[in-house]
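Quick note on labels: first sequence line is chain A, next is B, and so on, each numbered from 1. Please read these numbers as outputs of a predicted model, since none were measured by experiment.
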Amino acid sequence: MSGALKDAVGSYKQRDWPKHLVVWFFILIELFPLYMMMQVSFKDNSSFIQNPWAPSPPFSVTETLRLPDGTEEVKTRVAGWSEVFGAAKPSDPELVTGATKQFDLGVYRVENWGYGLKLIGPYIANTVFVAVTGTVVSLFLAIMAAYFFARYKMPFGSVLWSAFIILMLLPGVANIVPLFSLLKSLSLLNTLWALIIVGIAGAQVFNIFVLRNFIEDLPKDLFEAAEMDGASHFQQIMNVVIPMSGPIIGTLSILAFLGKWNDFLLPLIVLRDKELFTLGVGLIYLDGEYVKQWGQIMAAYFIASIPLIVIFLFCMKLFVRGLSAGAVKG
Amino acid sequence: MAFPISRQKALREWKLYFFVIPSLVMVLTFSYFPAISAIYHSFFDWAGGETKQLIGLDNFKRAFGDDVLWNSFITVSVLIVFNLFKMIPSIIMAVLIHRIKSERWGYFYRAMLVVPMIVPSLVTLFIWKFFFDPNLGVLNNVLDFTGLKSLLVNIDQFFGWGVFLPDVPIGWLSQPELILPALFIWGFPWIGAVGVLIYLAGLQAIGQEVYEAAELDGVGPFKKFLYIELPLILTQVRLSLVLLIISTLQGYGLQLLLLGDSGGPGGRGMVPGLWMYNRAFIAGEFGYACSIGMILFVFILALTFINNKYVRVEK
């Protein structure tokens, strides 16, 4: 869009800066949780309570305390921002006899990240296993089924098609209770396979719907040429359909991966053993701890976001497009 | 469109059916079977095991006399109203970004909107839970800092609610009266990146001559929104409205994590889905849970039907 064209959108008389101001206001609030997560992850609980908002300054204060029983004790704490530019203020005027301030990078608790990784690493590994296996298999099955619907009008094809499409309209809210007993009788409770299989089944309808439309739009000559060369249907899928539908497969994979990453309801019901927890249940479990080390927990939260950051960096375009497509369907 | 195929050729291509069978089996087992099983078991007294007893419509009779269920429907209606209100900032945001003249800034803002989405939704939820913390939480600190807390206390004393007390930290998630307000505040400033991007796509379809004509007629910024921009994104707004209502009606993950499986103190955050979850997995009344699910199912199905019939989405 050219600049002149864009100019006509706003009024000529209207100034631009109030809009920028409002947008910035909203965006800063939106980014605030991210900021809190980042800065708290470098603190321990005491410095967090002392100064919850801003990152700690790179200074620490060493105080000598004379306790009421006459013994002396030396304590080191993180400096407050007001102490960075002025003198160190004793934390307890009656007891502190001397305080020195020094430059100290040790106030940033990098070890929180180590603990965080230890807390959440296994859950991430489980989630990656579930998400990757589920996404790959479900897309593969969906491509095959979509090929069936897109290639020929087979007898009973429309009946089968409506069997899939009706599910788009039916709310799945009542399913969870019988699903639980079904998984129980298949003795899949407390396994990751339950999540994978249910995930594959749940993703079929939407994926087949999208892929069928896409495959039907592929040039028919390609299929005919492949058939002339003696390619079986499976070979046509491998050599024509999959190479031609890269972008749509990418979009669907991202959507599926995101869905798995954020899922917690089914894992919460299905999983019992701590070793099998996926990210969702793992985070709930962390939240239930009685004494919380906020720094470690925030570091763990951040680590949980890293795979999404990687995806985000590499496929921003697909990400945005995929989200729009997903939102239209719900 | 798919090729038409003659009967003889279809017979020769019978192997093609194997392509659809895996998906079909999956869907039949994990989507159709549970749905039918839910209908079937809603007529039984069933604790999830082998033994079950046919009790006819007793589950439904019980549901109609169940105060918790009715209150949960009231709660969910309130939540739907809240969520309708929460759609407004996204629309405002989209219009503002659309009206910004500099294209580079427009793109930058769009990218910034997507950035919070890299945080898994569950993490966002727990960070919000932490914001609500009475002592350490951001919300109470902001209220104290800005002096809004004393205003709230004064209002409280004037009306005699006994909710906001001086020198007592506000327990957003532990005081029954505050559960719904907390659910309202949750997610402030309520901007969904997806929604904004979709609205922006709709807004981009407005041609400049429309704006120029409006300019000549001396139309102000608010009227411009009302007569030019809103009609253009009305399709998207209606669509997200319907999806929002349906997802609010059947959702209970937020309440489960924020308030626990009994809907928080006083059960004020209880929604129908959560009550179903509670009956099945806490009380072990699977049959009754199935019938609650069926009632909810009928509600949502009716909404979907109304949606398909009256809210047309033009492509």
Measure across [X] and [Y] and return the closest heavy-atom pair with its distance rounded to 0.1 Å.
X	Y	answer
A201(A)	V27(B)	O-CG2, 4.2 Å
K19(A)	R99(B)	NZ-O, 3.4 Å
V177(A)	A280(B)	CG2-CB, 3.7 Å
G253(B)	F264(A)	CA-CZ, 3.5 Å
S23(B)	A142(A)	OG-N, 4.3 Å
N175(A)	P34(B)	O-CB, 3.9 Å

Relative to chain B, which of [options] shows the most heavy atom pairs under 4.5 Å?
options	result
V198(A), I166(A), L31(A), I143(A)	L31(A)
S185(A), S181(A), G157(A), P155(A)	P155(A)
L279(A), I215(A), L283(A), L34(A)	L283(A)
I309(A), I269(A), I200(A), V40(A)	I269(A)
Y147(A), F302(A), W261(A), W24(A)	W24(A)
L182(A), V205(A), L160(A), L286(A)	L182(A)

Parallel under 30°, tilted from 30 to 60°, perpendicular over 60°: which one fits the rings of H233(A) and F19(B)?
perpendicular

Geometric class of the Y109(B)/H20(A) ring pair [parallel <30°, tilted 30-60°, perpendicular >60°]
tilted

Is chain B contacted by the side chain of [X], its backbone, both, or neither, given a heavy-atom distance below 4.5 Å?
X	answer
E30(A)	both
L179(A)	both
L186(A)	side chain
L183(A)	side chain
I237(A)	side chain
A163(A)	both
I284(A)	both
I208(A)	side chain
I197(A)	both
F26(A)	both

Among the options [options], pick out the one with the most heavy-atom pairs lying under 4.5 Å from chain A.
options	value
I295(B), V138(B), N141(B), L113(B)	V138(B)
W128(B), W46(B), Y252(B), F18(B)	Y252(B)
P189(B), S37(B), P272(B)	P189(B)
F33(B), Y40(B), Y32(B)	Y32(B)

Straight-line distance of [X] [atom1] to [Y] [atom2], nearest 0.5 Å:
X	Y	atom1	atom2	value
I127(B)	M36(A)	CD1	CE	9.0 Å
I100(B)	W17(A)	CD1	CH2	13.0 Å
D287(A)	L257(B)	CG	CG	8.0 Å
S232(A)	K15(B)	OG	NZ	8.5 Å
N135(B)	I49(A)	CG	CD1	9.0 Å
L125(B)	N262(A)	CG	CG	10.5 Å

Consider side-chain contact (heavy atoms from CB on, under 4.5 Å). Of L24(B), I21(B), L16(B), which one does F148(A) pass it with?
L16(B)

Would the [X] and [Y] ring centres measure less than 6.0 Å apart?
X	Y	result
F126(B)	W294(A)	no
F48(A)	F130(B)	yes
F180(A)	F281(B)	yes

Atom group of [X] that falls short of 4.5 Å from chain A, counting heavy atoms:
X	result
Y277(B)	side chain
K129(B)	side chain
F145(B)	neither
V210(B)	neither
Y17(B)	both

Are more than 12 heavy atoms from other residues, nucleotides or ligands located less than 6.0 Å from atom CZ of F209(A)?
no

May I ask you to check whether over 12 heavy atoms, not counting those of F305(B), lie within 6.0 Å of atom CZ?
no

Does Y301(A) use its side chain to pair, donor to acceptor, with the backbone of V119(B) at less than 3.5 Å?
no

If we only count heavy atoms from C-beta on, is the F131(B) to P33(A) side-chain gap below 4.5 Å?
yes

Hey, are the side chains of F156(A) and V20(B) touching, using non-hydrogen atoms and a 4.5 Å cut-off?
no

For side chain to side chain contact (heavy atoms under 4.5 Å, CB included), just list the numbers for M112(B) and V23(A), CA-CA rounded to whole Å, side-chain angles, deciding distance to a tenth of an Å, and then say yes or no.
CA-CA 10 Å; M112(B) 287 316 260; V23(A) 172; over 6 Å; no

